[in-house]
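Every heavy atom of this structure was used, including side-chain atoms; hydrogens, water molecules and symmetry mates were not. Lettering follows sequence order; numbering is per chain, from 1.
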Protein chains: 2
Amino acid sequence: MDFEQADALNQAIRLLSLRHRARAAALLAPLGLHPGQEALLLELDRNGPTIQAQLSEALGCEPPSVTLMTRKLEAGGHIRRTPAPSDKRASIVELTDSGKALADQVKQLWCALAEETVTGLPAETVAALPGILKTLTSNVDTRGPRHPHGRRRGLVAEA
Amino acid sequence: MDFEQADALNQAIRLLSLRHRARAAALLAPLGLHPGQEALLLELDRNGPTIQAQLSEALGCEPPSVTLMTRKLEAGGHIRRTPAPSDKRASIVELTDSGKALADQVKQLWCALAEETVTGLPAETVAALPGILKTLTSNVDTRGPRHPHGRRRGLVAEA
DNA sequence: GCATAAATATTATCCGCATAACTAACTCTA
DNA sequence: TAGAGTTAGTTATGCGGATAATATTTATGC
């Protein structure tokens with residue numbers, strides 16, 4: 001692949017990241033949320049009370065990031081952290097009533113954002129998009145070694 | 001669109017952002033660069049000396065971000081900033097010899113990253129990808145090109 | 001010409017996310 | 001059971017990127 005194509009792809013991914021995040025930020029701001037926090041709320045809404053280590057895994061970010069995000073969401077009254085009885089190291093994170101209400105609002109914003117994002121694309125492209133993006137992600141994922149999608153390492157030499 | 005689909009898409013975009021950036025960071029680290037800085041170097045390599053306001057536009061980030069990035073790249077000896085003679089407000093940014101050499105290395109990394117990213121996808125999907133991503137980006141772009149009617153680019157990118 | 005608006009760049013402050021280093025608690029084994 | 005190794009969580013620090021507020025300079029309108 002020549003540089004033109006490579007740059008077109010890498011740059012497109014970078015710009016999509018910036019703009020999609022900026023748009024999410026604009027939509028979340030009225031709720032008092034910053035981008036990234038909505039993922040934590042949605043994860044708690046999906047799977048119920050969770051240990052921070054599991055949140056770190058689910059959100060795809062590192063434990064220190066979870067520590068800071070949970071602290072701020074807790075200060076905002078949206079989540080609650082209680083020590084785990086079975087493991088004195090762990091703390092269980094769960095939504096408060098305020099957090100549940102907020103998660104419901106986030107869900108609606110999320111639908112609006114997704115529809116806005118794919119405007120003008122043919123339905124079959126939209127349908128294929130999540131799978132394509134997940135393939136791209138797993139291709140560059142240095143985190144979880146799993147993913148039966150395709151063999152990851154070995155095709156491109158390390159720099 | 002229901003929440004399941006919307007979340008699949010939004011989450012996929014978020015995770016791709018995190019992982020692609022993390023992979024870029026890992027590749028750029030040996031060069032002493034942090035992700036985001038490579039875009040500045042590549043832009044200078046493409047278009048030559050540029051004032052910061054144009055860089056801000058080209059990179060898709062705000063002027064204060066450019067100020068900090070240029071300061072660090074200047075401290076690293078990769079770029080040079082000289083006051084613009086025709087406009088006492090502006091400063092012209094350009095690559096040093098060290099910066100040019102670094103940009104060449106970045107270009108190679110960029111190709112490797114792009115190839116790694118699209119591993120396992122059919123060629124026609126790879127060909128369509130930049131265009132699709134640019135459509136997604138412009139759909140959520142609250143910044144740049146005010147194009148009230150009509151789309152800036154087609155649904156499929158130029159090859 | 002002069003007052004006002006716009007543009008360029010900077011500083012300060014915030015958040016997300018990262019790594020490194022550390023404490024505390026759990027587990028496993030010798 | 002004692003020690004080693006592992007895991008959960010935190011703090012400290014750094015960068016990218018954002019907004020808000022502030023000079024300074026340029027452009028514009030009257």
Side-chain angles (χ1 to χ4, degrees), chain A residues 13-29 31-41 50-76 81-93 142-143, chain B residues 13-29 31-41 50-76 81-93 142-143:
Chain A
I13 292 175
R14 177 178 170 273
L15 268 185
L16 175 60
S17 303
L18 281 175
R19 295 288 146 255
H20 187 264
R21 185 182 182 88
R23 185 75 184 117
L27 293 173
L28 292 169
L31 303 184
L33 291 176
H34 291 82
Q37 299 179 338
E38 88 288 340
L40 206 158
L41 293 181
T50 312
I51 242 64
Q52 288 186 199
Q54 291 175 336
L55 280 177
S56 167
E57 172 71 18
L59 301 184
C61 60
E62 299 301 317
S65 302
V66 176
T67 294
L68 297 179
M69 289 169 65
T70 52
R71 176 180 303 168
K72 281 156 192 167
L73 287 172
E74 186 180 34
R81 294 162 67 199
T82 59
S86 61
D87 189 337
K88 292 175 185 171
R89 301 168 299 179
S91 62
I92 298 175
V93 184
T142 56
R143 248 171 110 93
Chain B
I13 292 175
R14 177 177 170 274
L15 269 185
L16 175 59
S17 304
L18 282 175
R19 296 287 146 256
H20 188 264
R21 186 182 181 88
R23 186 72 184 120
L27 293 173
L28 291 168
L31 304 183
L33 291 177
H34 291 82
Q37 299 180 338
E38 88 288 341
L40 205 158
L41 293 181
T50 313
I51 71 169
Q52 292 185 194
Q54 290 174 338
L55 279 177
S56 167
E57 172 70 18
L59 301 184
C61 60
E62 299 300 317
S65 302
V66 176
T67 293
L68 297 180
M69 289 168 64
T70 52
R71 176 181 303 169
K72 281 156 192 168
L73 287 172
E74 186 180 34
R81 294 162 66 198
T82 58
S86 62
D87 189 337
K88 291 175 185 172
R89 301 168 298 181
S91 62
I92 299 175
V93 184
T142 56
R143 199 184 153 97

Walk along nucleotides 18-29 of chain C from 5' to 3' and tag each nucleotide B, S or - by protein heavy-atom contact under 4.0 Å, base first, then sugar-phosphate.
BBB----BS---
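With rounding to whole Å, Leu15(A) atom CG is found 14 Å from dG16(D) atom C1'. Separating the CG atom of Leu73(B) from the P atom of dG17(D) is a distance of 11 Å, rounded to the nearest angstrom. Atom CE of Met69(B) is separated from atom P of dG14(D) by 19 Å (rounded to the nearest Å). In this structure, the CG atom of Leu55(B) is 12 Å from the P atom of dG17(D), given to the nearest Å. Whole-Å rounding puts the Glu74(B) CD to dA9(C) C1' distance at 14 Å. Nucleotide dG16(D) holds its C1' atom 16 Å from the NE2 atom of His20(B), rounded to whole Å. A straight line from CG of Leu59(A) to C1' of dC17(C) spans 12 Å, rounded to a whole angstrom. Rounded to an integer number of Å, the gap from CZ of Arg71(B) to P of dG17(D) is 15 Å.
The salt bridge (Lys or Arg N to Asp or Glu O under 4.0 Å) test applied to Arg19(B) returns Asp141(A), not counting sequence neighbours. Every residue meeting the side-chain contact (heavy atoms from CB on, under 4.5 Å) condition with Ile92(A), not counting sequence neighbours, appears here in chain and number order: Pro49(A), Ile51(A), Thr82(A), Ala84(A), Pro85(A). With sequence neighbours left out, the side-chain contact (heavy atoms from CB on, under 4.5 Å) criterion links Ala25(B) to Pro35(B). In this structure, the salt bridge (Lys or Arg N to Asp or Glu O under 4.0 Å) partners of Arg23(A), at least two apart in sequence or on a different chain, are Glu116(A).
Applying the 4.0 Å criterion to OP1 and OP2 of dC15(C), one finds that Gln37(A) has every side-chain N and O outside that range. For Lys72(A), no side-chain nitrogen or oxygen approaches OP1 or OP2 of dC14(C) to under 4.0 Å. Put simply, Thr67(A) has no side-chain N or O that comes within less than 4.0 Å of OP1 or OP2 on dG9(D). Proximity of Gln52(B) to the phosphate of dT10(C): a side-chain N or O atom is located under 4.0 Å from OP1 or OP2.
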Output, in order, the C-alpha distance, side-chain angles, deciding distance and verdict of side chain to side chain contact (heavy atoms under 4.5 Å, CB included) for Leu59(B) and Arg14(A).
CA-CA 9 Å; Leu59(B) 301 184; Arg14(A) 177 178 170 273; 4.0 Å; yes
I would like to know whether Gln37(A) and Leu40(A) meet side chain to side chain contact (heavy atoms under 4.5 Å, CB included); could you show each step before the answer?
CA-CA 5 Å; Gln37(A) 299 179 338; Leu40(A) 206 158; 5.6 Å; no
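Note that the CE atom of Met69(B) and the NE2 atom of His34(B) stand 11.5 Å from one another [nearest 0.5 Å]. The OG1 atom of Thr67(B) lies 10.5 Å from the CG atom of Leu55(B); values are rounded to the nearest 0.5 Å.
Under a 3.5 Å cut-off, the side chain of Glu74(A) and the backbone N or O of Lys72(A) do not form any donor-acceptor pair.
Taking both residues in full, the closest heavy atoms of Val66(B) and Cys61(B) are given as CG2-SG, 4.1 Å, listed atom of the first, atom of the second, then distance.
Heavy-atom distances to DNA chain D give each of Arg14(A) and Ile51(A) a nearest nucleotide, and the one nearer the 5′ end belongs to Ile51(A).
Rounded to 10 degrees, the angle between the two end axes of the helix from dG1(C)-dC30(D) to dA30(C)-dT1(D) is 10°, with five pairs used at each end.
Side chain of Ala53(A), nearest nucleotide from dC17(C), dG17(D), dG9(D): dG9(D).
The residue Ser91(A) sits close only to the backbone: its heavy atoms come under 4.0 Å of sugar-phosphate atoms, none of a base.
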